[in-house]
Amino acid sequence: QVHLAESGGGSVQAGGSLRLSCEHSGFYSGGYCMGWFRQAPGKEREGVATIYTGDGIAYLADSVKGRFTISQDNAKNKLFLQMTSLKPDDTAMYYCAADRRGLSYYCGYFDEADFGYWGQGTQVTVSS
């Protein structure tokens, strides 16, 4: 059974940093597409960063390139999102997402329809 649990959200001032964690279970050997999406009030959910766990190839949305990094610790079944130089526009609920089909080609498309499993979300608030 798949389970995703995010942690690490909080409130920071602009320019600050946060590290989000997603502890996951139900994924076995092989590669999977996992990542982070976010949804700000009144806006649609958007992809932020994804990674194919089999080869570690990562994809970042243009809005976060150079500021955010996605990484994984397969031994601990964790996915991370390191966020630096945070801006008020980064304020959103951040969701961990994953898919068990074991394919990589869609991983960089940031299409939430490709992800069948979601966490509950963790709130990130950036004040100016």
Side-chain angles (χ1 to χ4, degrees):
Q1 187 172 359
V2 173
H3 182 67
L4 304 173
E6 305 96 334
S7 62
S11 297
V12 295
Q13 290 191 325
S17 300
L18 281 174
R19 188 193 196 203
L20 306 183
S21 297
C22 173
E23 187 166 2
H24 56 81
S25 61
F27 294 88
Y28 305 102
S29 61
Y32 302 97
C33 185
M34 294 187 173
W36 295 90
F37 286 71
R38 67 185 180 186
Q39 187 167 22
K43 295 186 177 181
E44 293 186 353
R45 190 154 56 183
E46 62 175 357
V48 176
T50 57
I51 188 168
Y52 183 68
T53 63
D55 54 21
I57 293 179
Y59 305 87
L60 294 168
D62 288 343
S63 59
V64 305
K65 282 181 180 176
R67 301 188 299 122
F68 290 12
T69 304
I70 185 171
S71 62
Q72 57 180 338
D73 185 335
N74 290 336
K76 296 182 179 179
N77 292 333
K78 287 190 174 182
L79 186 71
F80 303 101
L81 184 68
Q82 179 68 49
M83 306 185 293
T84 63
S85 302
L86 283 161
K87 305 174 181 179
D89 284 349
D90 295 318
T91 295
M93 184 72 78
Y94 283 71
Y95 297 92
C96 180
D99 188 79
R100 286 210 306 186
R101 287 176 291 171
L103 303 174
S104 65
Y105 71 90
Y106 57 84
C107 210
Y109 295 167
F110 298 128
D111 186 346
E112 62 178 280
D114 286 324
F115 294 83
Y117 300 94
W118 296 82
Q120 294 295 313
T122 185
Q123 178 67 38
V124 172
T125 303
V126 185
S127 58
S128 57

Identify the two heavy atoms, one from L86 and one from R67, that lie closest to each other, and give their separation to 0.1 Å. CA-NH1, 3.9 Å

Ring-plane angle category for Y94 and F68, please: parallel below 30°, perpendicular beyond 60°, tilted otherwise. tilted

If Ile, Leu, Val, Met, Phe, Trp and Tyr residues are connected whenever their side-chain heavy atoms lie under 4.5 Å apart, and connections chain through other members, are M83 and V12 in the same group? yes

Provide the closest heavy-atom pair for P88 versus S127 in the form atom of the first, atom of the second, distance. CG-C, 4.5 Å

For the student: nearest non-hydrogen atoms of L60 and K65, plus distance: O-CE, 3.1 Å

How about Y59 and Y52: are their ring centres within less than 6.0 Å of each other? no

Please report the interatomic distance CD(Q123) to CZ(R38), rounded to the nearest 0.5 Å. 11.5 Å

Check K43 against Q39 and note the closest heavy-atom contact, atom names and distance. O-NE2, 3.1 Å

Rounded to the nearest 0.5 Å, how far does CD of Q82 lie from OG of S17? 6.0 Å

Taking all non-hydrogen atoms of both residues into account, name the closest pair between K78 and H24 and its distance. N-NE2, 3.6 Å

Residues sharing Y109's hydrophobic cluster, by side-chain heavy-atom contacts under 4.5 Å among ILVMFWY, directly or via others? L103, Y105, Y106

Regarding R45 and the six-membered ring of Y95, is the cationic atom NZ or CZ under 6.0 Å from the ring centre and inside 45° of its axis? yes

Flag side-chain contact, heavy atom, 4.5 Å: I51 against Q72: yes

Looking at E6 and T122, would you say the former's side chain and the latter's main chain have a donor-acceptor pair under 3.5 Å? no

ILVMFWY network linking L4 to L20, side-chain heavy atoms under 4.5 angstrom: yes

Working to the nearest 0.5 angstrom, can you tell me the gap between E23 CD and L79 CG? 11.5 Å

Could you report the tightest heavy-atom contact between A40 and A92, atom names first, then the distance? N-CB, 3.8 Å

Measure from the side-chain N and O atoms of R100 to the backbone N and O of G26, and report whether any donor-acceptor pair falls under 3.5 Å. yes

For the OG atom of S21 and the CG atom of L81, what is their distance to the nearest 0.5 Å? 9.5 Å

Please answer: with hydrophobic residues joined when any side-chain heavy atoms are less than 4.5 Å apart, are I70 and V48 in the same cluster? yes

Cation-aromatic face contact R101/Y32, 6.0 Å, 45 degrees: no

From S104 OG over to D55 CG, what is the distance, rounded to the nearest 0.5 angstrom? 6.5 Å

CD-OG distance between Q13 and S128, expressed to the nearest 0.5 angstrom: 9.0 Å

